Number of protein chains: 2
Amino acid sequence: MNTSSKFVVAVHILTLLSSQKILLGEKSLMKSDFIARGLNTNPVVIRRLLSLLKAKKLVDSKAGPSGGFYFKYDPSTVTLAMIHDIVEPGNLYHMYYSSPNKECPFGSHIHGYLKTLLCSAEASFKNVLAEKSLLDLVNDVLNKVEHKENLTKEEFASELKKNMKAISSKCSQK
Amino acid sequence: MNTSSKFVVAVHILTLLSSQKILLGEKSLMKSDFIARGLNTNPVVIRRLLSLLKAKKLVDSKAGPSGGFYFKYDPSTVTLAMIHDIVEPGNLYHMYYSSPNKECPFGSHIHGYLKTLLCSAEASFKNVLAEKSLLDLVNDVLNKVEHKENLTKEEFASELKKNMKAISSKCSQK
DNA sequence: ATAACTGTAACTAAATTAGTTACAAATAAA
DNA sequence: TTTATTTGTAACTAATTTAGTTACAGTTAT
């Protein structure tokens, strides 16, 4: 198993930033401290990942008090496949298994066919990710909240805003 | 990227054992030394992987001089998906990203939808692997050899046998 | 001016992997 | 029956990757 959590964390972050843009407006910013709290991890880990996403032009940031990060695009146009390609480039499995010896008249031919098959399987994996946009994920959550907690989008937006402020003040308490 | 080569190496080994069964007969055995040569690696690495495949009943072995390994089943009934499940159990990506904090009214709901999607993408990956059997891989190689090197199956079988003996004698020279 | 952010370098610790040495147990062959 | 060959496995090393952490320079709203 791939032990990296970069992909799931990046999706989590970008879904948060998308929801913030939709619920709280274009100009709203989210701090790395707040995001890190929600993932039980360290703000530096979040900033490191956001630094990569910024280099790829998906997000932008503002330093200083009341600074933070925001998502640059329309959440409906960014798919999980794009995010995967950014944070986990290359193949799911590498094919550099001790470059097969040409001495073996049979074994030396396996590599090529196996590589072709793996590429095709990985393409299939990514096709599923390509069918899901950040907006889809945001809507999944919003629908759940509206139905299960009987909150309107507006009520939920103000709850989110309140929570962001509460967490921010907790962080600065330290 | 997953840096493990267990899957590709296991497929390589089992394709070799399958070809040996088809070309050289049921009783034919292949040594870990010979397999390791073809992969430019260490016999212990090969035996370790074969030990797992033996525990899963895919192969069996015989100790002592002229001992070795053999594939127990019909190569047409074992798919690459089965092999993957054995040597890389679990998910392609783990979902234990710092179990999301319930404090965050939005973030706490993302996890479930992301997990569902990843499972579906992984299922799609494995479906492609499930369409390829060990026999398919053996036939890919045999067809290539017959066309490009103009060898009949019988000629190729004797070449393979010769090669196995040559490598074996090289190994015992040390 | 100050306080609150981002941005990033440097270090630690843990986990995983492949490779290696060594040797016990099994077994065919001399 | 002895010997040589092979599997089976434990123990260790080295390399790589990952997340977490501390520290601090640069930026900017208040």
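Here is how names work: the chains are called A, B, and so on, in the same order as the sequence lines, proteins then strands, and each is numbered from 1. Quick caveat: nothing in here was measured; it's all calculated off a predicted structure.
Comparing A:Asn42 and A:Thr3 by the nucleotide of DNA chain D that holds the closest heavy atom to each, the one mapping nearer the 5' end is A:Thr3. Each of A:Val45 and A:Lys62 was assigned the nucleotide of DNA chain D with the nearest heavy atom; the assignment lying further toward the 5' end belongs to A:Val45.
With hydrogens and angles ignored, a donor-acceptor pair closer than 3.5 Å exists between the side chain of B:Arg48 and the base of C:dT20.
Within 6.0 Å of NZ on B:Lys144 lie more than 12 heavy atoms contributed by other residues, nucleotides or ligands.
For the pair B:Glu88 CD and C:dT16 C1', the interatomic distance rounds to 11 Å; values are reported in whole Å. Residue B:Asn2 contributes atom CG, which lies 10 Å from atom C1' of C:dT17 at whole-angstrom precision. Rounded to whole Å, the distance from CG on A:Leu17 to C1' on C:dT6 is 14 Å. Distance CZ (A:Arg37) to P (D:dG20): 15 Å, rounded to an integer number of Å. Between the NE2 atom of B:His94 and the P atom of C:dA15 there is a distance of 12 Å, given to the nearest Å. The distance from atom CG of B:Leu53 to atom C1' of D:dT7 is 15 Å, rounded to the nearest whole Å. For the pair A:Met1 CE and C:dT16 C1', the interatomic distance rounds to 12 Å; values are reported in whole Å. Here the P atom of nucleotide D:dA19 and the CG atom of A:Leu49 are 8 Å apart, to the nearest Å.
For A:His84 and B:Tyr93, the distance between ring centers is under 6.0 angstrom.
At D:dT17, none of the side-chain N or O atoms of A:Ser4 fall inside 4.0 Å of OP1 or OP2 (strictly under the cut-off). Not one side-chain nitrogen or oxygen of B:Ser5 sits closer than 4.0 Å to the OP1 or OP2 atom of C:dT17. A sub-4.0 Å separation between OP1 or OP2 of C:dG7 and a side-chain N or O of A:Ser61 is present. For B:Ser66 and C:dT27, the shortest distance from a side-chain N or O to OP1 or OP2 is not below 4.0 Å. A:Arg47 has no side-chain polar atom (N or O) that falls below the 4.0 Å cut-off from OP1 or OP2 of C:dG7.
Looking at the side chain of B:Lys31, the nearest of the listed nucleotides D:dA19, D:dT6, D:dA23 is D:dT6. Comparing atom distances between the A:Val44 side chain and each of D:dG20, D:dA23, D:dG26 picks out D:dA23 as nearest. Comparing C:dT27, C:dT6, C:dA18 by their nearest atom to the side chain of B:Pro65 picks out C:dT27. Of the candidates D:dG8, C:dT8, C:dC5, D:dG8 carries the atom nearest the B:Lys54 side chain, counting heavy atoms from C-beta on.
Ion pair B:Asp140/B:Lys132 flagged as a salt bridge, since at least one NZ, NE, NH1 or NH2 atom sits closer than 4.0 Å to an Asp/Glu carboxylate oxygen.
Rounding to the nearest 0.5 Å places OG of A:Ser61 at 10.0 Å from NZ of A:Lys72.
Side-chain contact of B:Ser133 with B:Asp136: a donor-acceptor pair under 3.5 Å is present, judged by distance alone.
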